[in-house]
Student: 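Structure incoming, see below.
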2 protein chains.
Amino acid sequence: MTVRKLADAIEYSPPTIYEYFDNKDAVLSEVVQNGFTELTREMQSAGGQSTVPEEQLLAVGLAYYRFAKAQPELYRIMHGMGGVPLDARVVAVNAQLAGAVSQGVLHNWAVKNAVQLDELEASELLWSTLHGLTILGASNRLEGGDERTERLIARAVRDFLTAWRVQGV
Amino acid sequence: MTVRKLADAIEYSPPTIYEYFDNKDAVLSEVVQNGFTELTREMQSAGGQSTVPEEQLLAVGLAYYRFAKAQPELYRIMHGMGGVPLDARVVAVNAQLAGAVSQGVLHNWAVKNAVQLDELEASELLWSTLHGLTILGASNRLEGGDERTERLIARAVRDFLTAWRVQGV
DNA sequence: GAATAAATCTAACGCTGTTAGAAAAGAGGT
DNA sequence: ACCTCTTTTCTAACAGCGTTAGATTTATTC
């Protein structure tokens, strides 16, 4: 994506872009912002399909991966791959996203299973695992392709819950 | 990093670079290659400090993170952030790296604890978690800075082993 | 319709990766 | 030492990039 191509696509000259955005990074920040909004919505929607916390967590994880798989270029930009550095605003949205996962589903699971939970720590760990699997899966660096990556995600979620149930806080 | 700056640094003119490399990506591929070689060496060295599989695994994980933290720009390039697409060669090296972790340490742990282990699956899961935590930690997207990230890594490794011990293959 | 404000353009600057072709440096033979 | 040939290195240039200054067109208001 270049400023000139963007200008071409909307049938304006390049400088017109700069009437609405400070620079190219500002344009992409907007894209990133929208991306996170959409991703969050899809995750929440996926989680809402069930009322069983374990199922919700798996659904959320799969939604995360499928989003990355469906729009790999967007996902790349959203996470600072592709040369666009993340600014503070984007990081804030990120944290909010992690929070959305933890606050809702993890909390429900904890009370239901009478497990003491450091919600922040738990959500960050789960999020990291999902993020790692997603990056590797979406860039085809895991054997066995799509279904296998989804199975790995399922296993990761299950392992995560097992560990917390056994070890607690 | 630009071709002209590289040429300046070695006190040659830009076209000279193209006598030794096909293009800029080829130069960076070389850098990535060397990066993975060094990372693998550091992980193996860290693992060799102990003979207890649990400790080895933690040491390997921390070495992975510390490498990324010490040379964030290199780590970024190594994983396709910064606009350089990964080619097949690099992915192969990646798989080899994951293999190095699993083949050695995980196998020892499994026989010692009489746990049935899908080594590939286990190593990919562990690797993904490490990768995710490292990316988020090295780009300061986890609360609490460096020590906390290392504690999260320790917890992740412990959780990983707990889950496999409890659930097995 | 003239004057002002807003939107958009053309032209240019300095940067990038890359290539063609000239110049310089080195090697071998007489 | 000189000429020839090969290898190495350079200068100059092209097309594309993000970005800015300043002119020009379009819209708004009296």
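Protein chains get the first letters and strands the later ones, always in sequence-line order, with residue 1 at the start of each.
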Student: Round to a whole Å and report the spacing from CG of A:Asp22 to C1' of D:dG18.
Tutor: 14 Å
Student: Is the phosphate of D:dT7 approached by B:Tyr20 (side-chain N or O, under 4.0 Å from OP1 or OP2)?
Tutor: no
Student: Can you check the A:Tyr12 OH to C:dA6 P distance for me, whole Å?
Tutor: 17 Å
Student: Just the rounded figure in Å: distance from P of D:dT11 to OH of B:Tyr18.
Tutor: 16 Å
Student: Considering just the side-chain nitrogens and oxygens of B:Thr16, establish if one lies under 4.0 Å of OP1 or OP2 belonging to D:dT8.
Tutor: no
Student: Taking only the side-chain heavy atoms of B:Lys5 (C-beta and beyond), determine which of C:dT16, D:dG18, D:dC10 contains the nearest atom.
Tutor: C:dT16
Student: Consider the side chain of B:Pro14, meaning its heavy atoms from C-beta on, and name the nucleotide among D:dT19, C:dT8, C:dT18 that approaches it most closely.
Tutor: C:dT18
Student: In whole angstroms, how far is the C1' atom of D:dT20 from the CZ atom of A:Phe21?
Tutor: 18 Å
Student: Once you round it to whole Å, what is the distance between C1' of C:dG17 and CG of B:Asp25?
Tutor: 10 Å
Student: How about CZ on A:Phe21, more than 12 heavy atoms from neighbouring residues, nucleotides or ligands closer than 6.0 Å, or not?
Tutor: yes
Student: Side chain of A:Thr2: nearest nucleotide among D:dC17, D:dT11, C:dC9?
Tutor: D:dC17
Student: Looking at D:dT19, C:dC9, D:dT11, which one has an atom nearest to any side-chain atom of B:Ser13?
Tutor: D:dT11
Student: Testing A:His131, A:Lys69, A:Glu42 for side chain to side chain donor-acceptor pair (under 3.5 Å) with A:Tyr64, which one passes?
Tutor: A:His131
Student: Donor-acceptor pair, A:Arg148 side chain versus A:Leu142 backbone, under 3.5 Å?
Tutor: no
Student: Are any of the side-chain nitrogens in A:Arg158 or A:Glu54 under 4.0 Å away from the carboxylate oxygens of its partner?
Tutor: no
Student: Determine whether a donor-acceptor pair (one donor, one acceptor, N or O, separation below 3.5 Å) exists between the side chain of A:Arg4 and the base of D:dG16.
Tutor: no
Student: When you measure from the side chain of B:Glu19, which nucleotide among C:dT8, D:dT9, D:dT19 comes out closest?
Tutor: D:dT9
